[in-house]
Amino acid sequence: LTSKRYNVQRGKFSAVSEHDLKFFQELLGSHRTVLGEEELEGHNTDWLRTVRGASSVLLKPKTTEEVSAILSYCDQHQLAVCPQGGNTGLVGGSVPVFDEVIVSTALMNQVESVDTWSGVVTCQAGCVLEALDQHVAQYGLMIPLDLGAKGSCHIGGNVSTNAGGLRLLRYGSLHGSVLGVEAVLASGEVVDCMSAMKKDNTGYDLKHLFIGSEGTLGLVTKVAINCPPRPAAVSLAFLGLQSFDNVLKTFKAAKDQLGEILSSCEFIDQSSMECVEGNLKIKSPLDEYPYYMLLETSGSNGDHDEEKLNNFLESTLGSGLVSDGTVATEPSKMANIWALRERIAEALILDGYTYKYDISLPLPHFYKLVEDMREHLGSNVVRCCGYGHVGDGNLHLNFTSRQYEKEILERIEPAVYEWTSQVNGSISAEHGLGFKKRNYIHYSKSLGAINLMKQMKKLMDPNGILNPYKVLPD
Ligand code: FAD
Ligand code: S2G
Ligand code: ZN
């Protein structure tokens, strides 16, 4: 149990009573009021299986009005709430720490409108990312976000964690592509910041408070997203390189030579590749190299893009920057290459316990952190690997051991955060702070900023019922 493994005290919240259950069942009906810890096993445990809460009540509202009624009731009765989307979060933010009531967006999965002129889709927070992307594809549009968890994560969870993902390099952050948010405050008040307009400079832009606040300021119930045209042509180059210096130079060359059609730039180190090939028994189309890169292009003219990409490959192979490479345009071939990158998280879990770090770093220091931490941990861990969104300066540094060991965690933390803050990096690039990283926020945010965040939390959730023990330190 999280509360056992980490020394955290339960807040002064009520425990759910028979009277409370009666209220929820009258509001939602018994099939949308799921009871009992065994029933809730999958909702109390995070995707990484590293934190586990003890909730015995899972509520499944369908509408904003039902969310409003739930939250105002919980606020009046001092019941803590854990908002939950697809439960793919990686920082322990999406599951209860104690017996918080879980409010799931699973049944809030309706698309409200797609404006084909402006490319704006309006939908409920519980739409699964992949399903939403498939929905807008019929209009020639795409959701400007892609991540390995697309089959399970909800768009409301993506907004709440300000998820980055594999295409941020091309389509930017959700702070740019989300045009509107509807959220419900702890009091039950509905904050309607929905808009389908690309420009709206009327007062404070409040929607940004809910983007990335991980369920601690309000429960997101609807979003409006600006969707770019779905590219007619996508190609994927998979490269083998001898040094990380060559990875950086190749990234720079890709930006110069591929320019506007470059839509993703990811890297994988040899240790990550060994893990995904060894644990998942999937094969890389290249021989063994110390580093690999995935460079994706997306454009409107396949011939033009493929020619550009092949010229790029020729010049980087010719100059020795790249040691080997292959270009795929056929969807199943591209999917096989993406699996080598997207399934590393899954492969790491098969080692046992994962110590996961999602760090933003200035590119010159980027892989040095992996080398230093690999040396620092030595044979104490089964594996130390680095991969991620090198195009965004976002490293995914992971260690694994057979089972959780406090001694390993203490060798890694706070060393990894100190190292990061010394080069002015971010201790959490895209996954958020959740439960696991909230006490390290000061490595990336000033005390003044943290104080203002606490004041905002106090103003918007005075009883602290929304996702307690998450994001901000006590
Ligand atoms: P959950 O995990 O259910 O919740 C995440 C947080 O948001 C929690 O704090 C929860 O309380 C809160 N929350 C959820 N829904 C709402 C809501 N409607 N209103 C208010 N708060 C809410 N993340 C990235 O950024 N980039 C990646 O490339 C990436 N790749 C991943 C690959 C894999 C294989 C996995 C398992 C995860 C990956 N993630 C990545 C992490 C995770 O998928 C994202 O954080 C995602 O946005 C979480 O969405 P979710 O619906 O699963 O949210
Ligand atoms: C990714 C999520 C998985 C991980 O794959 O891009 O954001 O292992 C990550 O960190
Ligand atoms: Zn990532």
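Just follow the structure's listing: the first ligand is 1, and inside any ligand the first atom is 1. Bear in mind the structure is a predicted one, so any value in this text is a computation, not a measurement.
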Taking the N/O/S atoms of E430 one by one, which is nearest to the Zn ion (ligand 3)?
OE2
With a 4.0 Å heavy-atom cut-off (strictly under), which part of L166 contacts ligand 2: side chain, backbone, both or neither?
neither
To the nearest 0.1 Å, how far is atom 23 (N) of ligand 1 from its closest protein heavy atom, and which atom is that?
H431 CD2, 3.5 Å
Students often mix this up, so state it plainly: with edges at 30° and 60°, are the rings of H77 and Y73 parallel, tilted or perpendicular?
parallel
Side chain of N279, backbone of A347: donor and acceptor closer than 3.5 Å?
yes
Heavy-atom nearest neighbour of atom 7 (O) of ligand 1 within options S160, C127, A106
S160
I need the atoms of ligand 1 closer than 4.0 Å to a non-hydrogen atom of N467, numbered in the order shown.
9 (O), 11 (O)
Just to be sure I'm reading this right: ignoring hydrogens, which of T161, L166, L466 gets closest to atom 44 (C) of ligand 1? Compare them by their nearest heavy atoms.
T161
Hey, is A429 one of the residues with a heavy atom under 4.0 angstrom from ligand 1?
no
Short side-chain to backbone donor-acceptor contact, T221 and E182, under 3.5 Å:
yes
For A163, counting its heavy atoms only, list the atoms of ligand 1 lying under 4.0 Å from any of them.
25 (O), 47 (O)
With heavy-atom distances below 4.0 Å as the criterion, list the atoms of ligand 2 near H396.
1 (C), 6 (O), 7 (O), 9 (C), 10 (O)
State whether a side-chain donor-acceptor pair under 3.5 Å links Y440 with E413.
yes
Taking heavy atoms and a distance under 4.0 Å, where does L90 meet ligand 1: side chain, backbone, both or neither?
side chain
Would R10 and D99 pass as an ion pair if we require N to O under 4.0 Å?
yes
Is a side-chain N or O of N467 found less than 3.5 angstrom from the main chain of G93, in a donor-acceptor match?
yes
Between R170 and E296, does any NZ, NE, NH1 or NH2 come within less than 4.0 Å of an OD or OE carboxylate oxygen?
no
Return yes or no for this condition: an N or O of E342 is under 3.5 Å from an N or O of ligand 1.
no
Considering only protein heavy atoms, which is closest to atom 27 (C) of ligand 1, and at what distance to one decimal place?
E430 OE2, 3.4 Å
Polar contact flag, side-chain donor to acceptor under 3.5 angstrom, S213-K457
no
Less than 4.5 Å apart, side chain to side chain, heavy atoms only: is that true for I337 and Y292?
no
When you check the side-chain N and O atoms of E430 and H396, is any donor under 3.5 Å from an acceptor?
yes
Testing the 3.5 Å rule here: is there a donor-acceptor pair between the side chains of Y357 and S428?
no
Test item, G165 contacting ligand 1 (heavy atom, 4.0 angstrom):
yes
Would you sort out whether F267 and Y387 count as a ring-ring contact (aromatic ring centres under 6.0 Å, His included), showing the intermediate values?
CA-CA 5 Å; F267 100 101; Y387 54 94; 7.7 Å; no
Is it true that a side-chain atom of D46 and a backbone atom of G92 form a donor plus acceptor pair closer than 3.5 Å?
no
Relative to atom 32 (C) of ligand 1, which among S213, A149, C82 owns the nearest non-hydrogen atom?
A149
To check your reading of the model: name the closest protein heavy atom to atom 7 (O) of ligand 2, its residue, and the distance in Å.
H431 NE2, 2.7 Å
With a 4.0 Å cut-off on heavy atoms, is H389 touching ligand 1?
yes
Name of the H396 atom (N/O/S only) found closest to the Zn ion (ligand 3):
NE2
Could you tell me whether the side chain of R402 and the main chain of G352 form a donor-acceptor pair under 3.5 Å?
no
Under 3.5 Å, side chain of S444 to main-chain N/O of I441, donor-acceptor pair present?
no
For atom 18 (N) of ligand 1, what is the nearest protein heavy atom, given as residue, atom name and distance?
V220 O, 3.0 Å
Examine the proximity of ligand 1 to T88 and report which part, side chain or backbone, both or neither, has a heavy atom under 4.0 Å away.
both
Closest non-hydrogen protein atom to atom 3 (C) of ligand 2, residue and atom name please, with distance?
A345 CB, 3.6 Å
Around atom 25 (O) of ligand 1, find the nearest protein heavy atom and jot down its residue, atom name and distance.
G164 N, 3.0 Å
Side chain, backbone, both or neither: the part of E342 lying under 4.0 Å from ligand 2 by heavy atom:
neither
Below 3.5 angstrom, do we get any N/O pair linking P83 and ligand 1?
yes
Considering only the protein, which heavy-atom contact is closest to atom 50 (P) of ligand 1, and what is its distance?
G86 N, 3.4 Å
Answer yes or no for L90: is there a heavy-atom contact with ligand 2 below 4.0 Å?
yes
H389 atom (N/O/S) at minimal separation from the Zn ion (ligand 3)
NE2
Options G157, G126, G92, G156, ranked by nearest heavy atom to atom 53 (O) of ligand 1, top entry
G157
Which protein heavy atom lies closest to atom 5 (O) of ligand 2, and at what distance to 0.1 Å?
R341 NH1, 3.0 Å
Can you sort out which atoms of ligand 2 are near H389, meaning under 4.0 Å from one of its heavy atoms?
6 (O)
Taking the six-membered ring of F399 as reference, does the cationic atom of R383 (NZ for Lys, CZ for Arg) lie under 6.0 Å from its centre and within 45° of its axis?
no
Identity and separation of the nearest protein heavy atom to atom 40 (C) of ligand 1
L147 CD1, 3.7 Å
Side chain or backbone of T221 under 4.0 Å from ligand 1, or both, or neither, by non-hydrogen atoms?
neither
Once you measure the plane-to-plane angle for F244 and Y367, does it fall in the parallel (<30°), tilted (30-60°) or perpendicular (>60°) bin?
parallel
Could you list which atoms of ligand 2 come closer than 4.0 Å to a heavy atom of Y387?
4 (C), 8 (O), 10 (O)
Any donor-acceptor N or O pair under 3.5 Å, side chains W47, N87
no
